[in-house]
Amino acid sequence: VERSWPAALKFFLYLVGLLWSFAGVGVCCDRFMEGIESITLARRTSWVPMSHGLRQRRQSLVWNETMANLTLMALGSSAPEILLSVIEVIGQDFFSGELGPSTIVGSAAFNLLIISAVCISAIPAPETRKIACLEVYAVTASFSLFAYVWLVVILQVSTPNLVEPWEAVTTFLLFPALLVCAYAADQRWMSGLFRQLVGRDTVEVVAHEGKESRDVTKRAGRDLPRGTIDALLLQDRYAAGSTGAPTAPGRDAADGGALEDDGVLVGFSREEFVALDSASVVFLQVVMSRGTTACTAPLGAQLRYCTQEAALSSKRNKRSEGLISFTPGQSEVMIEVPIRRAKHWRPDDVFTVELSDLEFDASAQLHGGRPLRMGRSSARVTVINSLKPGTLGFEAEELWISPDMKGEVKVDVVRTHGTDDKVSCQYVVTGSSGKATPEAGPTQGILVFAPSIDRMTISLGAKKLRKDARMRIHLSDPTGGAKLAEASGAECACEVLVESTPSSTPSVGDVQGYFSEWKDQFLAALYCGGGPEEQTSAAWSDWAYHIFVLTWKLIFASIPPASAANGWLTFCVALLWIGVVTAFVGDLASLLGCSTGIIPDDITAISLVALGTSLPDTFASRTAALQDEHADNSIGNITGSNSVNIFLGVGLPYVMAAFYWQSAGPTPEWRARIWRGQTFQELFLKDYPSGGFMVPAQNLGFSVIAFTVVALIAVALLFVRRFVYGGGGGGPQRAE
C-alpha cells in the first residue's frame with residue numbers, strides 16, 4: 001500500500017516522523033543529563049579523627065571536573081550519534097553504513113560552527129566569557145582536529161577504503177589517551193609545554209598580574225573588589241615613581257559636567273583614591289589636560305589643596321593642606337597626604353580632599369583666549385584598615401561522636417585569616433528541634449579571643465549522651481572586626497551527631513521519597529511547562545510543543561529519578577531509551593531518502609540527522625553561555641564532544657566490524673555486497689583478497705577534509721577573539 005502513495009506524501013510523513021523522533025531524543029537526553037549531573041556532583045564522605053574524640057565529616061567530589069566533562073557529559077551530548085553508528089553497523093551485519101559516520105561529521109561541523117556562533121552571539125554586548133582552563137581546551141581542540149585527520153589517514157592513505165583491526169583499535173584507544181592528556185593539563189603538568197606553544201611572555205604577564213593581586217589581598221587581610229585592587233596597585237606604582245599615562249581631569253557636576261575641547265583643565269585624575277593604612281601616605285595625582293588628552297602647561301600655575309573638615313573626626317588622620325605648583329612643561333603633580341595606621345581595628349576611614357584657589361599668569365591666554373580652568377576639584381580617599389581580626393568558625397559543619405564517649409564533649413572554634421586585636425562572638429547550643437538540649441551543659445556563652453589566639457573551646461558538659469541525639473551550635477554577634485565563616489546555610493553553625501557508627505545508607509524514608517518523586521514525574525509530564533503554575537502562563541507555542549512531545553514525556557517518565565542511586569539508574573535506563581529512539585531515527589532517515597529517490601543516506605545524515613541530534617546541545621550550550629561565569633561549559637566542551645564522537649562513535653563500531661571481518665574473510669555475502677551499483681568483489685577483492693571491513697571513503701573523506709580546514713579557521717578565530725576582546729564569547733555588538 002505504501003508504495004502506491006505519492007512521493008510527496010511519503011516525504012512529508014517521514015519528515016514529520018523524523019522530527020518527532022528528534023523531539024523524543026531531546027526529551028530523553030534531558031533526563032539523561034539529569035542523571036549525569038547527579039553522578040558528577042556525587043561526593044565521597046569520610047570521617048576524619050579530630051581532637052577531643054570527635055570526627056569530622058569530610059566530603060570530596062568523586063569525579064574530577066575535566067574527566068566528568070570528557071566522559072559522562074560528552075557521552076551524554078554524543079549518545080545519539082554514537083548509538084546510531086553502533087546500531088547501524090550491527091543492523092547491517094557488520095557492513096559499514098553511511099548514516100553513522102556521516103552524522104558524526106555533520107554533527108561535529110554543527111557543534112563547532114553553529115553552536116559556537118550561538119554561544120558568542122547569545123552573550124549581551126559588551127560582556128565576554130573566557131575559557132578558564134585554556135590548557136585543557138588546547139588539548140581537546142588539538143585532539144578533535146587530529147581525530148578527523150586520523151580518519152582521512154586510515155580511510156584514504158594507510159589502507160584506502162579498508163579499516164584494519166589495528167587502525168580501529170588505535171582509533172578507540174585515542175579516547176583514553178585524550179583523557180590522560182586532558183587530566184595532565186587540568187593538573188597543570190603541561191604548563192611548560194603550554195608556555196612554549198602560547199608564548200612565555202603572555203603566560204608570565206598574566207601570572208605576574210595575578211601575583212600582584214594576591215599580594216594586595218594578603219596585605220589588606222580580606223577579599224577586595226576588583227576595582228579596589230586596581231586602585232591599590234595604582235598606589236604601589238605611584239610609590240615606585242611610575243605614574244603611567246596621565247588621565248584627563250573630568251569636571252564636577254556642579255561645574256557643568258561635560259568636558260569642552262577648547263579649554264585646559266587642571267584637577268584630580270580620579271574621583272576616588274584607595275590606600276592601605278600601612279602605607280603611611282596616600283598619593284593623589286593632579287593632572288592638566290585639554291579635553292580628554294593630557295597636555296603640558298605652557299605657563300606656571302599653582303593651587304591649594306586641603307582635607308575636608310569631616311576628616312578631623314578621625315583620630316588617625318589629621319588635617320592636611322598645602323600648595324602645589326605646575327612649572328612650564330609639566331603635566332602632572334603628585335600630592336602626598338599622610339595617614340596613620342590604627343592600633344585597633346575600626347571601620348575604614350573615608351575623607352575628601354579639595355582643590356581651590358587656582359592661580360596663573362592672567363596675561364597669558366590659552367587656546368583661543370580661554371584661560372586655565374579648574375577641572376575635578378574634589379576626590380574621595382578611602383583608607384583601608386589593614387589589621388586582620390580574622391574569621392571565626394568551626395573546623396567542620398558536621399561532627400560525629402560515639403555515645404559511649406566518657407568525659408566532657410568539647411568543640412573548637414577556630415580563628416583564621418588573621419589574629420590581630422581582641423575579638424569575641426556569642427554561641428548558643430540547641431537540639432534538633434531548636435530548643436535547649438539536655439545532653440549539653442551550658443546552652444549559651446561568649447568566646448573571647450585575645451590577640452594572637454586562634455582557637456577557643458566550647459564545652460558541652462559531661463552528661464551521658466543519648467544515642468541518635470543531635471546538638472547544633474550557633475555562632476553570632478562577632479565583635480572587634482571579626483567575621484563569621486560562611487557556611488552552607490545562612491548561619492555559622494556546627495551540628496554534632498551522637499551515633500554508634502556514622503552511616504550514609506538510604507533510609508526507608510529516602511526510598512519512599514524516591515517513589516514519590518517518580519510518581520511526580522508522570523504528573524509533571526501531563527502539565528504544559530511541568531507544573532500547574534507554569535501551565536497557566538504558557539504561550540500557544542509552549543502548548544503546541546507540549547502536545548507534540550506529550551507521548552515522549554509520558555514514556556520517559558518511566559526513567560527513575562536522578563536522586564536514586566546517585567543518578568546511575570537514570571543514566572542506564574535513559575541510555576537504553578536513547579538507543580531505542582536512535583534506531584527509529586536511523587530507519588526513518590533511510591526511508592526519507594528513499595522516498596525522494598534523489599537524496600542519498602550520507603547527505604541526509606550529514607545535514608538533517610546531524611541537525612536533529614545536535615539541537616539539544618544547542619539549547620543547553622546557549623543556557624550555559626548566559627548563566628556561567630566562564631565559557632568552559634559552552635564553547636569549551638564542543639571540542640571534547642567532537643573528539644568523543646570520533647573515538648567512540650567511530651572507534652567502537654569499527655573495532656567490532658574489523659575483527660568480525662578479519663575472522664570471517666570474504667564470505668559470499670561480502671562478495672555480493674553492493675555499493676554504488678557495484679559489488680565488493682568487483683571493487684575491492686583484487687586489492688584485498690582476504691576481505692575485511694570495507695568503508696568506501698569517497699564522500700566521507702572529502703567531508704572530513706572540508707571540516708578539518710574549516711575547524712582550523714574556527715578555532716583560530718576563537719583564540720583571536722580571546723586576545724582581542726578578552727574572551728571567546730561575547731564582545732562588542734559589531735564583533736558578535
query: Does the Thr479 side chain pair with the main chain of Ser424, one donor and one acceptor, at a distance under 3.5 Å?
result: yes
task: List for me each residue that meets ring pair (Phe, Tyr, Trp, His ring centres under 6.0 Å) alongside Phe273, sequence neighbours excluded, and say none if there are none.
output: none
task: State, yes or no, whether a side-chain contact exists between Phe571 and Ile39 at a heavy-atom distance under 4.5 Å.
output: yes
task: Identify the heavy atoms of Met334 and Phe283 that sit nearest to each other, and give their distance.
output: CG-CD2, 3.7 Å
task: Answer yes or no: is there a side-chain heavy-atom contact under 4.5 Å between Val337 and Phe351?
output: yes
field: Heavy-atom side-chain proximity of Cys492 to Leu392 below 4.5 angstrom
entry: no
message: Is any side-chain heavy atom of Phe394 closer than 4.5 Å to one of Val414?
response: no
Close side-chain approach of Val383 and Val282, heavy atoms under 4.5 Å: no
query: What pair of heavy atoms forms the shortest contact from Pro561 to Gln521, and how long is it?
result: CA-OE1, 3.2 Å
task: Mind listing the closest non-hydrogen atom pair of Cys425 and Leu475 along with its distance?
output: SG-CD2, 4.2 Å
- line: Closest non-hydrogen contact found for Ser378 with Thr352 is OG-CB, 4.3 Å
- prompt: Between the main-chain N or O of Ala562 and the side-chain N or O of Thr570, is there a donor-acceptor pair closer than 3.5 Å?
  reply: yes
- prompt: OG1/Thr382 to CD/Glu272 distance, rounded to the nearest 0.5 angstrom?
  reply: 4.0 Å
field: Check: Ile453 main-chain N/O paired with Arg415 side-chain donor or acceptor under 3.5 Å
entry: yes
- prompt: Just wondering, are more than 12 heavy atoms of other shown residues or ligands nearer than 6.0 Å to CD in Glu271?
  reply: no
query: What's the shortest heavy-atom distance between Pro389 and Gly481, and which atoms?
result: CG-O, 3.3 Å
query: With a 4.5 Å heavy-atom cut-off, do Phe268 and Gln285 have their side chains touching?
result: no
- prompt: Does the side chain of Leu447 come within less than 4.5 Å of Tyr427's, by heavy atoms?
  reply: yes
task: Kindly give the heavy-atom pair with the smallest separation between Ile559 and Arg31, and that separation in Å.
output: O-NH2, 3.5 Å
message: Determine whether a donor-acceptor pair (N or O, by modelled atom type, separation under 3.5 Å) exists between the side chain of Ser38 and the backbone of Glu34.
response: no
message: Quick one: does any side-chain atom of Thr307 pair with a main-chain N or O of Ser320 as donor and acceptor, under 3.5 Å?
response: yes
Separation between OG1 of Thr457 and NZ of Lys410, rounded to the nearest 0.5 Å: 6.5 Å
message: To the closest 0.5 Å, what do you measure between CG (Leu399) and CE (Met471)?
response: 10.0 Å
query: How many angstroms lie between CD1 in Ile339 and OG in Ser280, if you round to the nearest 0.5 Å?
result: 7.0 Å
